[in-house]
Amino acid sequence: MNARPPIPIFPVAPSAPTAVATTPDDLAHTAVDQLGRAVHDLRISVTDRCNFRCTYCMPKDVFDRDHAFLPRNALLSFEEITRIARLFVGQGVRKIRITGGEPLLRKQLERLIEQLARLDVEVTLTTNGALLAQKARSLADAGLRRVTVSLDALDDAIFRRMNDVDFPVERVLAGIAAAADAGLGPIKVNCVVKRGTNDGEILPLARHFRGSGHILRFIEFMDVGSHNGWNLNAVLPSGEVVNRINAEFPLEALDANYTGEVAERWRYRDGAGEVGVISSVSHAFCRDCTRMRLSPEGQLFTCLFADRGHDLRDLLRAGADDSALTARIRQVWRGRDDRYSELRGEASRAAKVEMSYIGG
Ligand code: SAM
Ligand code: SF4
Ligand code: SF4
């Protein structure tokens, strides 16, 4: 008997009528949300599929062979994605991150990158690194600027256990090296820390990446989605991560590169580079959150913890013109009042979007 909870189907807010009132004057102004935040970053999830089954993201017993992933025709085409991205650039977006699922599983992703790179934005990508060694060069040639690679352990046994598909760590390390060779640096290396699972890897990872030019970042295990068995005891607060590294390699705090940067930055006092922490649980950063997320099937999510998306695909496929789409985008952004991490605990939600669907 299979007692697993069903994957929720996310309610979609009805499309706004295409006649949402927007004058040219209105469109010229930057839209701000209910908390005064403007949109600067767009994260585009290009697939809900993945070749890993990280226990904190796509636990195998839920994302098993019976799991219904999105059918191909539900996915936005590259042309549809680029069109939406271009409209977001018109609204102030300056950074686009391609994510997933595992984005390198999407066929001919380089074609999308080529199209996005023609917009006036920085295009980056987050990957588990499994296919990076073979794809780094073509991604860079297509116009990708930087990559972020997820890597939760250097120890092969721990890494294989966490990805839960027995994938060897050396192939991800080879991917990181290939990305550096292809000019996709400085590479960010993201490690999700689970207390009792891989917190013993913090120092080995720090030792390994010090002096490499890559920026290692430790992420607090988050209560995203509804299936990753999250509990507060498994969260190692970033303050403790910093203390552990500082005890071996003295650190000093660096200023943020820009408002809204999610990582707190630290530098090794001996000049061996930078390390960061992302404290979404212990130190929420919602007030500077300027990110909109586009799902593989064309829904906008205003927060990683949203329980509903706002559909754009129907409007797009019904032949809406750019001003109608822009009006819808602005309407969604203007209605945004999300600050889940700041309210965590008060704001318990029955169903939240899965990380593997919307991307980190
Ligand atoms: N598959 C790609 C990868 O793993 O890099 C991109 C998508 S993945 C959902 C994006 C990021 O989300 C990864 O760095 C991953 O470690 C992080 N992530 C997934 N589940 C998480 C969780 N429960 N808490 C914190 N970070 C999480
Ligand atoms: Fe896949 Fe990334 Fe989720 Fe791991 S974190 S299961 S690699 S989508
Ligand atoms: Fe942004 Fe939502 Fe995360 Fe807060 S909880 S930082 S609003 S994505």
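Start at 1 and go down the list; that is how both ligands and their atoms are numbered. Residue numbers run from 1 in the order of the sequence given. All values below come from the heavy atoms of this structure, side chains included, with hydrogens, waters and symmetry mates left out.
- Aromatic rings of F285 and H283 (six-membered ring for Trp) have centroids beyond the 6.0 Å cut-off, not under it.
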> Can you list the steps and then say if T302 with D338 is a side-chain hydrogen bond (donor to acceptor under 3.5 Å, both in side chains)?
Replying inline: CA-CA 7 Å; T302 55; D338 305 86; 2.7 Å; yes
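- Looking at R293 against ligand 3, only its side chain comes within 4.0 Å, counting heavy atoms.
- Ring geometry, F52 versus F167: the interplanar angle falls from 30° to 60°, so the pair is classed tilted.
- The nearest non-hydrogen atom to atom 14 (O) of ligand 1, considering only C50, S150, S45, comes from S150.
- For ligand 1, the atoms closer than 4.0 angstrom to any heavy atom of T99 are 6 (C), 7 (C).
- Of all the atoms in ligand 1, the ones that sit under 4.0 Å from a non-hydrogen atom of V192 are 16 (O), 25 (C), 26 (N), 27 (C).
- Nearest protein neighbour of atom 17 (C) of ligand 1, counting heavy atoms only, is M355 CE, 3.8 Å.
- For atom 1 (Fe) of ligand 3, protein N, O or S atoms closer than 2.8 Å were enumerated as C289 SG, with waters left out.
- Nearest non-hydrogen protein atom to atom 1 (Fe) of ligand 2 is C50 SG, 2.3 Å.
- Contact annotation: the side chain of L315 approaches that of L325 to within less than 4.5 Å [non-hydrogen atoms, C-beta and beyond].
- Close contacts of ligand 2 with F52, meaning ligand atoms under 4.0 Å from a residue heavy atom, involve 6 (S), 7 (S).
- Here is the list of ligand 1 atoms found below 4.0 Å of a heavy atom in T126: 2 (C), 5 (O), 6 (C).
- At under 3.5 Å, not a single nitrogen or oxygen of P103, backbone or side chain, sits near a nitrogen or oxygen of ligand 1.
- Annotation: atom 24 (N) of ligand 1 to nearest protein heavy atom, M222 N, 2.9 Å.
- A distance-only check finds no donor-acceptor pair linking the side chain of D41 to the backbone of K95 [under 3.5 Å].
- No side-chain donor from either of R334 and Q331 sits under 3.5 Å from a side-chain acceptor of the other.
- By the 4.0 Å N-to-carboxylate-O rule, R160 lies close enough to D156 to be salt-bridged with it.
- Closest protein heavy atom to atom 3 (Fe) of ligand 2: C57 SG, 2.4 Å.
- Within the listing of ligand 1, atoms 1 (N), 2 (C), 6 (C), 7 (C) sit less than 4.0 angstrom from a heavy atom of G101.
- When hydrogens are left out, the protein atom nearest atom 11 (C) of ligand 1 is G360 CA, 4.1 Å; that is the closest non-hydrogen contact.
- Contacts of C54 with ligand 2, taken as heavy-atom pairs under 4.0 Å, involve both backbone and side chain.
- Considering only heavy atoms from C-beta on, L116 comes within 4.5 Å of I98 through its side chain.
- No salt bridge links K194 with D152; every basic N to acidic carboxylate O contact stays at or beyond 4.0 Å.
- Nearest protein heavy-atom neighbour of atom 20 (N) of ligand 1: Y56 CD1, 3.3 Å.
- Stacking of R53 on the aromatic ring of F63 is not recorded, the 6.0 Å distance cut-off and the 45° axial limit not both being met.
- Listed for the E80 side chain is no donor-acceptor partner under 3.5 Å among the backbone atoms of L316.
- Annotation for R287: atom CZ does not count as buried by contact number, only 12 or fewer foreign heavy atoms lying within 6.0 Å.
- Contact atoms of ligand 1 toward T127: 2 (C), 3 (C), 5 (O) (distance under 4.0 Å to a heavy atom of the residue).
- Judged by the shortest distance from any of its heavy atoms, G101 lies inside the 4.0 Å radius around the atoms of ligand 2.
- In this structure, R195 forms no cation-pi arrangement with F221, as its terminal cationic atom is not both closer than 6.0 Å to the ring centre and no more than 45° off the ring axis.
- Atom CG of N231 has more than 12 neighbouring heavy atoms from other residues, nucleotides or ligands inside a 6.0 Å radius.
- In summary, the atoms of ligand 1 found under 4.0 Å from a heavy atom of E102, numbered by their order in the structure, are 1 (N), 2 (C).
- Although no hydrogens or angles enter the test, the distance criterion places a donor-acceptor pair under 3.5 Å between the side chain of S212 and the main chain of H214.
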